[in-house]
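Read through the structure below, which is laid out as structure tokens, and then see the notes.
Bear in mind the structure is a predicted one, so any value in this text is a computation, not a measurement.
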Amino acid sequence: TRLGLAGATEAPQPDALAGKVLVVAPTRELAVQLANEAALVMPAPGAVQIVAVGAIPEAKLLLGASVIACTAPELLALLDSEGDAAGVVVSVLSQVRVLVLDELDTLLPVSTTFSKAAAKRRQAEHKKGGDSAAVPAELLVRAVVEASSAGDLQLLAASATVSRPVRFKLARVLRRDPLARWYECP
């Protein structure tokens with residue numbers, strides 16, 4: 001069974017409330033492709049959900065999904081929404097056991113501006129603790145790491161062209177883990 005842009009629309013299954021796999025893709029098309037591939041190995045209705053432009057299911061359907069393929073801005077929009085949706089998304093993020101970042105170099109782009117003025121702006125922003133320079137995928141990784149209290153949270157980052165600066169950027173994001181799952185000190 002292949003999924004369309006709307007994903008499955010059946011109610012969540014109680015046994016699907018265990019660990020979840022969250023797959024983050026940079027584009028809607030890639031999220032749909034990844035969800036279709038996941039649906040081939042998880043044929044149960046509602047086991048795979050898509051959260052992308054034009055494919056945002058009701059938040060409660062995410063509770064029953066084992067695999068959620070998404071684009072970061074749309075899942076963050078659900079997280080920031082009014083009403084019950086935000087609480088459901090926080091619950092879903094706390095159940096994530098595997099976080100997959102596909103096309104890491106696109107999800108976490110690295111600034112290549114090395115001017116003194118740009119360095120001063122970044123340093124001032126860092127001192128204020130602001131996230132204005134943070135991209136949606138970075139904010140989503142932070143949200144998952146902070147929401148998940150599981151010691152067995154795994155992260156898989158994939159890209160054909162990942163660079164050293166991108167790996168360092170991901171390491172900086174993971175250093176904020178309050179449970180220090182990737183480092184000795186948070």
Side-chain angles (χ1 to χ4, degrees), residues 2-3 7-8 15-44 46-53 55-57 61-79 89-110 131 134-186:
R2 295 262 177 185
L3 295 175
D15 61 335
L17 297 177
K20 298 186 182 307
V21 176
L22 180 63
V23 181
V24 184
T27 64
R28 176 183 75 159
E29 291 76 16
L30 186 54
V32 169
Q33 178 185 355
L34 293 168
N36 283 331
E37 293 301 320
L40 292 175
V41 295
M42 306 209 55
V48 179
Q49 289 290 328
I50 303 169
V51 180
V53 174
I56 300 177
L61 293 174
L62 298 178
L63 287 172
S66 297
V67 177
I68 300 167
C70 72
T71 54
E74 282 66 35
L75 193 58
L76 287 172
L78 269 179
L79 183 63
V89 174
V90 169
S91 175
V92 166
L93 293 181
S94 71
Q95 297 171 23
V96 170
R97 295 297 172 266
V98 179
L99 175 61
V100 179
L101 303 174
D102 196 7
E103 298 299 337
L104 181 65
D105 56 336
T106 305
L107 289 172
L108 295 178
V110 177
D131 284 333
V135 293
E138 182 177 347
L139 297 174
L140 183 57
V141 170
R142 287 182 195 169
V144 170
V145 166
E146 290 172 6
S148 176
S149 61
D152 62 346
L153 177 65
Q154 297 178 38
L155 183 128
L156 173 68
S159 180
T161 59
V162 70
S163 65
R164 188 174 185 175
V166 172
R167 291 192 312 264
F168 286 153
K169 185 171 187 175
L170 179 59
R172 283 192 303 273
V173 173
L174 294 176
R175 260 189 217 113
R176 294 184 177 201
D177 180 11
L179 299 179
R181 287 170 279 212
W182 288 277
Y183 298 94
E184 270 82 58
C185 300

Can you check whether Leu63 reaches Leu61 side chain to side chain, under 4.5 Å on heavy atoms? no
Could you state the interatomic distance from CG (Leu99) to CG (Leu22), rounded to the nearest 0.5 Å? 5.5 Å
Could you tell me whether the side chain of Arg181 and the main chain of Val145 form a donor-acceptor pair under 3.5 Å? yes
For the student: nearest non-hydrogen atoms of Asp102 and Leu107, plus distance: O-CD1, 3.2 Å
Identify the two heavy atoms, one from Ala143 and one from Leu79, that lie closest to each other, and give their separation to 0.1 Å. CB-CD2, 4.2 Å
d(Thr106 OG1, Leu101 CG) to nearest 0.5 Å is 11.5 Å
Any idea which heavy atoms bring Met42 and Ser66 closest together, and the distance? CE-CB, 3.5 Å
Compare all side-chain heavy atoms of Leu140 with those of Leu75 and state whether any distance is below 4.5 angstrom. yes
For Glu146 and Arg142: C-alpha separation, side-chain torsions, deciding distance, then whether salt bridge (Lys or Arg N to Asp or Glu O under 4.0 Å) applies. CA-CA 6 Å; Glu146 290 172 6; Arg142 287 182 195 169; over 6 Å; no
With side chains defined as the heavy atoms from C-beta onward, is the minimum distance between Pro109 and Val135 less than 4.5 Å? yes
Side-chain contact, heavy-atom cut-off 4.5 Å: Leu78 with Leu76? no
Check the pair Val21 / Arg97 against side-chain contact (heavy atoms from CB on, under 4.5 Å), numbers first and verdict last. CA-CA 6 Å; Val21 176; Arg97 295 297 172 266; over 6 Å; no
CG of Leu174 to CG of Leu170, rounded to nearest 0.5 Å, is 4.5 Å
Heavy-atom closest pair, residues Pro57 and Leu62: CG-CD2, 4.0 Å
Calculate, to the nearest 0.5 Å, the distance between atoms CD and CG belonging to Gln95 and Leu153 respectively. 13.0 Å
Counting C-beta onward and ignoring hydrogens, is there a side-chain heavy-atom pair between Ser94 and Ser148 closer than 4.5 Å? no
Nearest 0.5 Å, please: how far is CZ in Arg172 from CG in Leu108? 9.5 Å
Which heavy atom in Ala31 sits nearest to a heavy atom in Ala69, and how many Å separate them? O-CB, 3.5 Å
Closest approach of Ala52 and Glu74, non-hydrogen atoms and distance? C-CG, 3.6 Å
Student check: side-chain heavy atoms of Thr71 and Val24 closer than 4.5 Å: no
Atom pair NZ/CG of Lys169 and Asp105 - distance to nearest 0.5 Å: 11.5 Å
Side-chain donor/acceptor of Lys20 to backbone N/O of Leu93, under 3.5 Å: no
